[in-house]
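A quick write-up on the structure given underneath.
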Amino acid sequence: MCGIVGCVGSDDTGRIVHQGLENLEYRGYDSAGIALTGETLTLAKTAGQVDELTAPRSADATAGIGHTRWSTHGEPTETNAHPHTDCTGEVAVVHNGIIENYDALKTELSEQHVFRSETDTEVIPHLVEEQLADDVSLLSAVQRATQRLDGSYAIAATAAGHDGIVVAREDSPLLIGHGDDATFIGSDATAFVEHTDRVTYLESGDIAHLTADDVTIYNGGESVDRPTDTLDWDAEAAGKSGYEHYMLKEIHEQPRALRQTISGRIDDLAIDVDLDVDLPTEYLQSVEEVQIVACGTSYHAGLYAKELLETYAGVRVTVHIASEYEFNGERDPWRTLVLAITQSGETADTLSALREAAGAGARTLALTNTLGSTVTREADDTIFIRAGPEIGVAATKTFVSQVATATLLTVHLGQVRGTLSSQATTEFLESLRDLPGAVQQVLDREPTIERAAETYADSEAFFYIGRRTGYPVALESALKLKEISYDHAEGFAAGELKHGPLALVTPETPVIAILTDGTAAEKTVHNVKEVESRGAPVVGVTSEPTLTTDVDTVFEIPACGPLEPVVANVVLQLFAYHVANEKGRSIDKPRNLAKSVTVE
Ligand code: F6R
C-alpha cells in the first residue's frame, strides 16, 4: 500500500521521481522520500505529503528512487520515511511489503551496524552494505541480501558509485516502464504513465538490473525473458480532467466504465454473454457452491453477486470477508468455485483466502480491474471488470463495474446450468444495456443531490437500509460516507432495524432507504414508517414515486430492472461526496486509509 517509483537514464531524475510520487500518493501519504545516486548519494525525506518534499538536486545523478509511505512498522516520521540507507550513507533502499524476520536480522546486524529507524525495511540496506563490502556488484549484493529475507517485498536499491537500480519482487507488485530515453520502475504504472505505456510486470522471485541502456531480469539465478505489454490507459485517463477530486471524476466516469465493462460481451443475436474466460461448461454445471472472498467495497459487490447468482443461476453462494475465510472441509473442492473479487488484485487478505482455497484444491476465479496484478497470476481464471484506473481511495466506479461483471457471470452461469429463462436473460441484458444511460441521468441531477447533502451534512449519524440487492447497496453507501466524511454511518438490512439499531434513531439521524426495483421496497416502506415515528428524517431513493409520498427527501432515479440498486448507489456516492466536501475533508486521501491494502 506504499508507492515505489524509480528512474534511470534521464538527466532530470529528481523531478521525474517527484512527479511519480505525486501520481502515487493515493497508495499512501504519511511520509515520502527520494534518493538520487551518481558518484554520491543525495537524500530528501519528509514526514508529510509529497508536496512538502523538495525534489533533491544532484549534478551527477544517473538514477533515482522514491517512496510514499503508509505506515505499518513505526510512526510516520521523517526518520521512518523511505528511502532507508546503510551505515556509509551510500546505499538507499525503498520497500513495499513486510519483512517477517526483521527482528532477528536487526538483532544480528546491530552488532556491526547502526539502525536509525523503527522500520523493518532498514535491515535491507545494511544487508546490502555487508555484501558490497565483499566487492561484488549491486545486483549480486541485492540478490544475496534478499536470500536472507522472509516475507513479501518489492524493493528498489541504488548505491553511490554503482550503475543503475536493482529491483526485486516477492509477492508485492512491481513493474518496469520502458521509455524512449529512460527506464522506470513503479509499484503500479501510475508512477510513470506520462512517460511510457510499455511495461513489463515482474514475477515473484524476479530480480532485475536497470541501467541507462539495458534491463536484465533474473529468477533463481537464471536470466529470464518477461513480455512487454502495452497499457490500455494513459496519463490523461489517470489525471483529474478538471474535477476537484479524483473521486468525483471517477463517479462521473461510471457510464463510460460500465460501457467498457459490457462492451463486446453481450451477443445480441444469440442472447448470450461472452466473458472470454475458459470455464468448461461441464465444470460450471457441476459446481455446487460458489464461495466469494473479498474485502470492503468488493465484499459488498460480492453480496450483490450472491443475490443474483442464487436467484438466477441456481447455485448456492457464500460470501466471506477474506480475512475470515477458511475453506470448509465438508465441501467438495472439485465442486466449489472460489471467486475472488478485488479491484486492485493486490489485497493481501483476498490473496491469502485465494491461496487457502487453491491449496484445498478448489478452482479459483478472479474478478479484478488490474491487468498483471498478483491475483491474475495466481487465480486459475480471471475476468477483468475494465473500469479503467481508479485513483481515489474510495472505490466507486470499480464497484459498479464489479456488479455489472457479476451480472454477466450470472447470465452465463444461469444459461449453462439451464436455470435462467430466456425472458429473464433478456431482462438482465436490457438492464445492463440501460445502466450507463440511467447512471448518466443521475449524474445530470447532481446539483439536487448536492443541495440535499448540504441540508443533512451536520447530522449526528447516517443510517442506510435496504433489502435483497438493496442491502449491499445500503452497506456500500454507508461505507462510502464514513470513509470520506468521518461521520458515523451504518448500513442495515431493513428488517433488522427493529431488532436493535432502532435505539440509535433520533431526529438527528437521517435514515436513507433504498426503495428500488428488486429490493422488496413495499416491505422497506414499513421500516421507513418505524423511523419516521421516531422523528428521523428520511431520504428515499426510488424509481417509484408512490413509495415515497411521506418522506422528507426523494431522489428519483430512472427504472432500470435488476440493476436499479446500482443506480441508487451512484446517487449515494454523490451524496457521500458532497457531505464530505461540505466538511472540507481530504476526499481522495482519507485519513488512515490507503488504496491498495497489501498487508494482512
Ligand atoms: C472502500 C475501498 C476498500 C476496498 C478494499 C478491497 O472504498 O476501496 O474497502 O474495497 O480495501 O480492495 P480491493 O478491491 O482492491 O481488493
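Just follow the structure's listing: the first ligand is 1, and inside any ligand the first atom is 1. We count residues from 1, following the sequence as given. Treat the numbers as computed from the prediction; the structure is a model and nothing was measured.
- Within the 3.5 Å criterion, the main-chain N or O of Gln343 finds a donor-acceptor partner in the side chain of Thr368.
- Using a 4.0 Å cut-off to heavy atoms of Ala395, the atoms of ligand 1 that qualify are 7 (O), 8 (O).
- For atom 11 (O) of ligand 1, the nearest protein heavy atom (residue, atom name, distance) is Val597 CG2, 4.2 Å.
- Against a heavy-atom cut-off of under 4.0 Å, Val393 is close to the following atoms of ligand 1: 7 (O), 8 (O).
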TODO: Might you work through the side chain to side chain contact (heavy atoms under 4.5 Å, CB included) test for Leu409 and Ile383, ending with a clear yes or no?
DONE: CA-CA 9 Å; Leu409 185 64; Ile383 304 174; 4.1 Å; yes
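- On a distance-only criterion, Gly345 and ligand 1 share no N/O pair closer than 3.5 Å.
- Regarding atom 14 (O) of ligand 1, its nearest protein heavy-atom neighbour is Ser298 OG, 2.5 Å.
- Residue-level proximity to ligand 1 for Thr398 is absent, since no heavy atom of it falls below 4.0 angstrom.
- With respect to atom 15 (O) of ligand 1, the closest heavy atom belonging to the protein is Ser344 OG, 2.6 Å.
- Neither the backbone nor the side chain of Glu346 comes within 4.0 Å of ligand 1, counting heavy atoms alone.
- Considering only non-hydrogen protein atoms, atom 12 (O) of ligand 1 sits nearest to Thr347 OG1, 3.4 Å.
- Nearest protein heavy-atom neighbour of atom 10 (O) of ligand 1: Thr297 N, 3.1 Å.
- Proximity of a side-chain donor or acceptor of Glu346 to a complementary backbone N or O of Thr374 within less than 3.5 Å is detected.
- Every atom of ligand 1 with a heavy atom of Glu483 under 4.0 Å away is listed here by number and element: 1 (C), 7 (O).
- Near Lys480, with a cut-off below 4.0 Å to any heavy atom, the atoms of ligand 1 are 1 (C), 7 (O).
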Task: Candidate pair Gln291 and Thr336, rule side chain to side chain donor-acceptor pair (under 3.5 Å), full reasoning - done: CA-CA 7 Å; Gln291 298 183 348; Thr336 306; 5.0 Å; no
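- The shortest N or O to N or O distance between Gln402 and ligand 1 is not below 3.5 Å.
- Remark: Thr376 OG1 to Leu367 CG distance equals 12.5 Å, nearest 0.5 Å.
- Formation of a donor-acceptor pair under 3.5 Å by the Thr261 side chain with backbone atoms of Ala387 is not found in this model.
- Lys480 places no side-chain N or O within 3.5 Å of a backbone atom of Leu572 that could act as its donor or acceptor partner.
- When atom types are taken as modelled, the side chain of Asp197 and the backbone of Thr230 share no donor-acceptor pair closer than 3.5 angstrom.
- Inclusion of Thr350 in the set of residues having an N or O under 3.5 Å from an N or O of ligand 1 is not warranted.
- Phe555 pairs in a side-chain contact (heavy atoms from CB on, under 4.5 Å) with only one of the listed residues (Val541, Leu515, Leu574), which is Val541.
- Shown in contact with Thr342 at under 4.0 Å from a heavy atom are these atoms of ligand 1, numbered in order with element: 13 (P), 14 (O), 15 (O), 16 (O).
- When each of Glu390, Glu250, Glu253 is checked for a salt bridge (Lys or Arg N to Asp or Glu O under 4.0 Å) with Lys397, only Glu253 meets the rule.
- Atoms of ligand 1 lying under 4.0 Å from at least one heavy atom of Ala394, given by number and element, are 7 (O).
- The shortest contact between atom 6 (C) of ligand 1 and any protein heavy atom is with Cys295 O, 3.4 Å.
- Tested against Ser401 for a side-chain contact (heavy atoms from CB on, under 4.5 Å), the candidates Asn369, Thr396, Val566, Ile385 yield a single pass: Ile385.
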